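One structure below.
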Amino acid sequence: MEQKRIVVTALALLIGAFSSRAGASSSKCRYLPGDAKWPSAAAWAQLNHTVGGSLIAGRPLGRPCFEPGFDATECAAIKAEWTSLDTFLADPVNVMSPYWMNNSCNPFYGPSGACTLGNLAVYAIDVRNAQDAVAGVRFAQANNIRLTIKNTGHDFLGRSSGAGSLALWTHNIKDIAFFNYRGRDYAGPAARLGAGVQYSDLYPVASAHGLRVLGGSCPTVGVVGGFSQGGGHGPLSAKYGLGADQVLEWEVVTADGRHITASPSQNADLYWALRGGGAGNYAVVLSVTVKAYPDGPAAGAGFTFANEDENTYWAAVSAFLKHLLVLDTLDGYMSGFTLTAQQFALDFALLPDAEAADDVTGPLEPLFAELDALNVTLVSNRASLHPNFADWFDTWAKPIYYGTNDSVGGRLIPRAAVRDNLPALVAAFRDIAENSSAVGGSALNGVAVNVTEARVGSAAASGASAVLPAWREALFTLNFGIPLAEDASWETIRFGQRWINEKQDRLRAVTPGGGTYMSEATWDNPHWKEDYFGVNYEALRAVKAKYDPENLFWANAAVGSDASWEPAADGRLCSISGSTSH
Ligand SMILES: Cc1cc2nc3c(=O)[nH]c(=O)nc-3n(C[C@H](O)[C@H](O)[C@H](O)COP(=O)(O)OP(=O)(O)OC[C@H]3O[C@@H](n4cnc5c(N)ncnc54)[C@H](O)[C@@H]3O)c2cc1C
Ligand SMILES: *[C@@H]1O[C@H](CO)[C@@H](O)[C@H](O)[C@H]1NC(C)=O
Ligand SMILES: *[C@@H]1O[C@H](CO)[C@@H](O)[C@H](O)[C@H]1NC(C)=O
Ligand SMILES: *[C@@H]1O[C@H](CO)[C@@H](O)[C@H](O)[C@H]1NC(C)=O
Ligand SMILES: *[C@@H]1O[C@H](CO)[C@@H](O)[C@H](O)[C@H]1NC(C)=O
Ligand SMILES: *[C@@H]1O[C@H](CO)[C@@H](O)[C@H](O)[C@H]1NC(C)=O
Ligand SMILES: *[C@@H]1O[C@H](CO)[C@@H](O)[C@H](O)[C@H]1NC(C)=O
């Protein structure tokens with residue numbers, strides 16, 4: 001008996017050794033550096049030549065904090081900026097999320113110990129044009145290696161990194177052009193934006209052209225990635241809709257290396273899927289053309305109140321949430337709020353095309369009366385009128401601080417939950433806010449935007465895009481984060497992730513059918529198919545099968561991801577047994 005077990009174990013070890021070293025001489029797994037079939041230095045040099053010398057070797061940002069080559073000055077600089085988004089925006093492979101960085105070269109862990117790439121790409125192509133993207137796609141395909149696409153590295157789901165991968169890094173495609181577009185469904189001002197454009201690049205330029213474009217509240221998010229492909233909400237969403245609703249056409253490179261346009265009249269199925277069907281899973285985007293709108297004045301308002309008495313505080317929070325049902329009916333009215341166990345903040349309300357600051361505060365008066373009756377004292381209650389959207393943004397949204405040191409979950413909150421089930425909803429919020437001491441405290445962030453067809457027009461009609469239909473029923477999208485210390489252990493990071501998933505389930509129970517904005521969500525939500533894609537899932541699978549039948553593009557919680565590849569313990573992608581495509 002005992003002997004039999006030893007034999008079986010030895011056999012398993014042998015098979016294990018065989019499949020991980022020559023791994024992948026059967027093409028069931030992607031190759032990793034060190035594998036016999038990993039491309040040779042000469043092959044990489046040839047690729048580098050093909051892309052005009054723009055191949056970059058991935059390097060962990062924390063490298064100067066480790067031996068050999070520890071550099072005290074450089075290390076101090078990298079540590080000082082470790083939680084700043086800026087540290088990661090212009091790097092070809094490093095990403096913001098501590099979960100996906102996974103302490104593989106954490107500068108706070110040096111100078112002894114290991115500094116490895118972990119989940120980061122091994123090489124990146126600094127993509128400048130279609131030929132670069134085609135070369136990358138072909139090289140990954142021909143050499144059986146994992147391909148990833150990175151722009152800014154904001155992604156919470158680890159979709160812009162991947163162990164052993166070649167990354168297509170699109171950050172430097174910064175072209176912005178405004179023009180008058182004429183297409184099947186739209187004629188009017190538009191902007192063609194390179195795949196590296198971030199909203200911080202775009203808002204001021206649009207303003208200089210007398211125009212506005214829809215983008216994120218966070219200025220450094222990229223236009224073409226998880227924002228436009230995943231949904232995308234921002235201050236102007238209550239006027240113009242989601243990021244995906246803005247897209248008139250995509251310029252892409254497909255998995256088989258074709259450089260094509262996806263629009264309502266060309267490759268319409270791909271156009272549809274890219275609008276809301278999830279980031280980095282159908283094609284490499286080189287540029288996007290989005291609607292632009294005439295600019296005009298914008299009014300802003302904000303206030304906070306503190307938790308001085310528990311019952312009063314949560315009654316006041318309930319009053320605010322209920323009042324969102326009124327604000328929901330006002331064309332363009334958006335509010336962004338943050339709530340913890342200690343304090344509520346209306347970070348900003350926006351009313352585009354207002355004539356006076358009173359236009360944005362007037363609709364709040366009935367709420368103020370209610371809060372007054374509850375004896376709630378408003379702090380820093382303020383409002384202002386701005387000549388254009390960019391000026392509003394610089395005053396109200398830009399100063400909000402974002403760090404990289406958190407993990408995030410989320411849920412779309414349907415109008416019905418606030419209208420019909422408010423006490424249960426508030427109890428769930430309270431649970432997250434009050435019961436978060438084990439994870440260092442949690443803040444809940446809401447963005448209330450009416451993105452219904454009645455508000456946005458035909459772009460928001462059911463079936464017009466792959467946007468999760470629950471978005472149209474949502475009163476607001478909620479995300480909640482937990483803070484992570486710079487040197488948090490993997491156990492702590494993993495515990496936090498589990499905690500978030502548990503609280504997501506709690507929210508899920510009181511928001512039936514609510515769904516989740518997939519770009520502010522967990523990669524391991526067990527309900528991801530239903531929550532992130534809903535009724536669109538099967539149709540998206542068909543588009544995926546048509547444009548990427550061999551699953552060159554693969555990402556966590558992406559359509560088809562659970563039926564193609566699975567990461568092994570070392571991050572290597574191996575085909576799901578039973579899958580016949582590899
Ligand atoms: C601090 C912070 C604030 C945020 N604020 C907002 C907000 O206000 N509104 C909002 O809607 N979301 C917000 N998000 C979520 C954000 O939209 C997602 O993280 C999104 O995935 C970021 O996309 P990116 O391209 O900037 O990032 P990346 O991490 O570089 O990429 C994200 C995904 O897009 C894919 N991708 C990138 N470039 C391309 C390309 N050229 N072709 C094909 N696929 C590509 C990647 O492969 C990956 O799957 C915020 C996130 C953070 C961290
Ligand atoms: C690619 O070529 C350029 C130009 O010759 C060189 O500077 C760069 O180091 C090369 N990249 C790699 C990964 O070798
Ligand atoms: C992170 O690292 C730990 C070990 O340090 C490993 O067990 C885990 O699988 C890694 N997770 C990810 C997502 O990289
Ligand atoms: C508010 O304060 C007033 C005066 O201090 C008091 O009479 C009233 O009962 C308070 N109302 C509530 C709801 O606490
Ligand atoms: C906090 O968690 C405890 C234990 O799970 C639970 O009994 C309590 O109801 C929670 N608090 C709130 C406000 O939900
Ligand atoms: C959304 O906006 C439209 C148009 O402004 C408005 O008629 C409607 O009442 C709002 N709310 C809902 C639930 O549709
Ligand atoms: C996250 O980073 C910010 C900015 O550096 C810092 O103020 C905050 O304390 C950090 N959070 C934790 C939990 O370390």
Side-chain angles (χ1 to χ4, degrees), residues 85 88-89 95-97 100 127 133 147-162 167-171 173 194-199 214-235 237-239 242-244 250-253 274 278-288 309 311-312 315 325-333 336 372-376 397 400-404 406 408 410 414-416 419 445 447 449-456 472-475 477 479 481 517-521 553 555-558:
L85 272 51
F88 299 86
L89 295 173
V95 296
M96 296 173 191
S97 158
W100 297 102
V127 176
L147 186 75
T148 51
I149 311 170
K150 190 210 167 191
N151 182 19
T152 66
H154 275 78
D155 204 74
F156 292 112
L157 292 82
R159 298 176 299 185
S160 46
S161 57
L168 300 179
W169 182 44
T170 59
H171 170 79
I173 314 177
V197 173
Q198 295 161 250
Y199 290 106
L214 184 277
S217 302
C218 169
T220 55
V221 165
V223 177
V224 313
F227 192 90
S228 298
Q229 294 178 51
H233 61 78
S237 285
K239 181 96 186 164
L242 296 170
W250 306 93
E251 178 197 2
V252 304
V253 164
L274 285 169
N281 197 33
Y282 306 94
V284 186
V285 176
L286 292 173
S287 75
V288 67
D309 168 86
N311 292 332
T312 307
L325 290 166
V326 176
L327 303 180
D328 187 52
T329 64
L330 309 174
D331 186 23
Y333 204 106
D372 200 44
L374 287 166
N375 287 343
V376 167
I400 304 268
Y401 176 80
Y402 298 96
T404 62
D406 57 1
V408 164
R415 294 177 179 93
R419 200 174 44 225
N445 295 289
V447 175
V449 287
N450 175 334
V451 294
T452 58
E453 184 180 358
R455 178 68 61 81
V456 175
R472 313 298 174 187
E473 308 300 323
L475 183 62
T477 180
N479 70 63
Y517 171 33
M518 70 179 85
S519 292
E520 293 175 341
F553 306 112
N556 292 303

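This structure is a prediction, so every number in the text was calculated from the model and none was measured. Order of listing sets the numbers, starting from 1, for every ligand and every atom in it. One is the number of the first residue; the rest follow in order along the sequence.
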Quiz item: Heavy atom of Ala283 under 4.0 Å from ligand 1?
Solution: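 Per 4.0 Å heavy-atom rule, Ala283 contacts ligand 1.
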
Quiz prompt | contact_flag Gln198 ligand 1 heavy-atom lt 4.0 Å | solution =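 So Gln198 does not count as touching ligand 1.
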
N/O of [X] under 3.5 Å from N/O of ligand 1, yes or no?
X	answer
Gly222	yes
Gly232	no
Tyr517	yes
Ala195	no
His233	yes
Met96	no

Exercise. Name all residues meeting the side chain to side chain contact (heavy atoms under 4.5 Å, CB included) criterion together with Ser160; count only those two or more places apart in sequence or in a different chain, and write none if there are none.
Key: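 With neighbours one apart ignored, the set is Val95, Lys150, Asp155.
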
Exercise. Select one of side chain, backbone, both or neither to describe which atoms of Asp328 lie under 4.0 Å from any atom of ligand 6, heavy atoms only.
Key: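 For Asp328, backbone and side-chain atoms both sit under 4.0 Å from ligand 6.
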
Quiz item: Any idea which residues sit under 4.0 Å from ligand 4, heavy-atom distances?
Solution: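 Within 4.0 Å of ligand 4, the protein residues are Ala373, Asn375.
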
Quiz item: In chain order, what residues pass the salt bridge (Lys or Arg N to Asp or Glu O under 4.0 Å) check against Asp309, with sequence neighbours excluded?
Solution: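 Expected list: none.
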
Self-check item: Polar proximity ligand 6 side, Asn450 side, N/O cut 3.5 Å exclusive
Solution: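 Yes, Asn450 has an N/O under 3.5 Å of an N/O on ligand 6.
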
Quiz item: What residues form a ring-ring contact (aromatic ring centres under 6.0 Å, His included) with Phe156, not counting sequence neighbours?
Solution: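 With neighbours one apart ignored, the set is empty.
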
Quiz item: Looking only at non-hydrogen atoms, which of Asn479, Thr152, Val221, Val127 approaches atom 16 (C) of ligand 1 most closely?
Solution: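 The residue whose heavy atom sits nearest atom 16 (C) of ligand 1 is Val221.
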
